[in-house]
There are 2 protein chains.
Amino acid sequence: MILLDLNSGEERPIYARIADQLKFAVAGGALRPGDLAPSVRELAKQLLVNPNTVARAYRDLQSEGLFEPVRGMGIQVAEGAVERCRQSRREMIRARIRRAIEEARESRMEPSEIEAILRDEWAKANQSTNGKA
Amino acid sequence: MILLDLNSGEERPIYARIADQLKFAVAGGALRPGDLAPSVRELAKQLLVNPNTVARAYRDLQSEGLFEPVRGMGIQVAEGAVERCRQSRREMIRARIRRAIEEARESRMEPSEIEAILRDEWAKANQSTNGKA
DNA sequence: CCTAGTGTGCTAGGCAACTAATACAGTATA
DNA sequence: TATACTGTATTAGTTGCCTAGCACACTAGG
């Protein structure tokens, strides 16, 4: 099963993207509490990255209490993880939106123009990925 | 005169932020074609960074044709720079908004929740900085 | 002419982040 | 017990950003 997708041609660290994607998988229900997440080595092979990079992502997720290691078995989704991942996701998205708007205002862009972009992009996102799988 | 503001506690390279801020200054009318931008050394002193870092920003801006050096004098805002800086700014903001929405959708966040965040943050931005200078 | 200001180019070094390779410790299963 | 899987820790190497110092070419102004 393919849970993650690093495609995003972003400049963020790989381990951070992996961690985010795993959070999203939990928030979206693809991974549920008690489930075993893909092993470090397997996920590394799947994503064509070094196992340490994956391990780093899991380490961060553990320090947030979202995943729990079970030696010899794998890494398990923690109990209250769903709600916390949803909240994390919400704050992540919100922070990005907020920052973009903030910068637009600081650059003295016309409020009407900012609003137009917001409406336009929201509309585009809804029409393009509408009849999707 | 203080044109720039690096405060943004972001993780982007300093030179990139300086370049963006200069573009914004042109787009917003604080710097007009023919005006001399702050000298490399002066701006470096003002921002408490190394002159090379500022020079790097100007170098990038020149390669985009937005600023033109005048030897012995300083760096001048190019002729058609205003519209191009506005366009650059527009695309920059648009890309950020688009990316945030895109990621929200990829994470399977409910469209209604995404829209709520967009409306909420836009409303907040407008009420907080309303009666501003 | 001469001084002080401009931008430009170069080399060097430090520092932090990221990735990688390897070895180690524990557990399931045959 | 032996094998093969798990996660973990340590160490190294690469890269990019930033700083630093210096030399060079040019120009305005005294």
Side-chain angles (χ1 to χ4, degrees), chain A residues 1 3-4 6-22 25-26 31 34-78 81, chain B residues 1 3-22 25-26 31 33-78 81:
Chain A
M1 171 174 49
L3 284 172
L4 311 191
L6 291 189
N7 66 342
S8 29
E10 297 209 27
E11 31 192 312
R12 297 188 59 212
I14 297 178
Y15 73 87
R17 276 180 279 165
I18 294 176
D20 285 350
Q21 295 284 327
L22 285 167
V26 175
L31 276 179
D35 284 356
L36 282 178
S39 79
V40 169
R41 290 172 177 81
E42 181 193 333
L43 190 49
K45 197 191 303 173
Q46 197 179 105
L47 300 176
L48 302 176
V49 301
N50 190 280
N52 276 325
T53 305
V54 177
R56 165 73 188 271
Y58 277 129
R59 185 159 57 88
D60 293 349
L61 290 168
Q62 283 175 45
S63 71
E64 296 186 56
L66 301 174
F67 287 72
E68 290 164 351
V70 184
R71 282 207 98 108
M73 289 294 291
I75 295 184
Q76 196 173 313
V77 179
Chain B
M1 172 172 48
L3 284 172
L4 312 192
D5 172 27
L6 292 189
N7 67 343
S8 29
E10 297 210 28
E11 32 194 308
R12 298 186 58 211
I14 297 177
Y15 71 87
R17 276 179 280 167
I18 294 176
D20 285 349
Q21 294 284 324
L22 284 167
V26 175
L31 276 180
D35 283 356
L36 282 178
S39 80
V40 169
R41 291 172 177 82
E42 181 193 332
L43 190 49
K45 198 191 305 176
Q46 197 179 107
L47 299 177
L48 301 177
V49 300
N50 191 281
N52 278 325
T53 304
V54 177
R56 165 75 187 270
Y58 277 129
R59 184 159 58 87
D60 292 349
L61 290 168
Q62 283 175 46
S63 72
E64 296 185 56
L66 301 174
F67 287 72
E68 289 164 350
V70 184
R71 286 207 94 111
M73 290 292 292
I75 294 184
Q76 194 173 300
V77 179

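Each chain gets a letter, A, B and so on, in the order the sequences are listed, and its residues count up from 1. Treat the numbers as computed from the prediction; the structure is a model and nothing was measured.
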Roughly how many Å is it from CD in Q76(B) to C1' in dT8(C), rounded to a whole number?
18 Å

I18(A) has an atom CD1; how far is it from atom P of dT19(C), in whole Å?
8 Å

Between P of dG7(C) and CZ of F67(B), the distance in whole Å:
12 Å

Taking atom NZ of K45(A) and atom OG of S39(A), what is their separation to the nearest 0.5 Å?
8.0 Å

Output the rounded distance in Å from CG (L47(A)) to C1' (dA20(C)).
16 Å

From CG of L36(A) across to C1' of dG7(D) the rounded distance in Å is 12 Å

If the sugar-phosphate is the primed atoms plus P, OP1 and OP2 and the base is the rest, what is the B/S/- string for nucleotides 17-30 of chain D, using protein heavy atoms under 4.0 Å?
SSBBB---BBSS--

What's the CG-P distance between D60(A) and dT8(D), to the nearest Å?
12 Å

To the nearest 0.5 Å, what is the distance between CZ (F67(A)) and CG (L22(A))?
5.0 Å

Whole angstrom is fine here: how far is it from CD in E68(A) over to C1' in dT8(D)?
17 Å

Give me the atom names and distance for the closest heavy-atom approach of A19(B) to A57(B).
N-CB, 4.0 Å

Side-chain contact test, heavy atoms from C-beta onward, threshold under 4.5 Å: evaluate it for R56(B) versus I18(B) and give yes or no.
no

According to a strict under-4.0 Å criterion, is Q62(A) in side-chain N/O contact with OP1 or OP2 of dT8(D)?
yes

Rounded at 0.5 Å granularity, tell me how far CE in M73(A) sits from CZ in R71(A).
14.0 Å

Once you round to the nearest 0.5 Å, how far does CG of D35(B) lie from CD1 of I75(B)?
13.5 Å

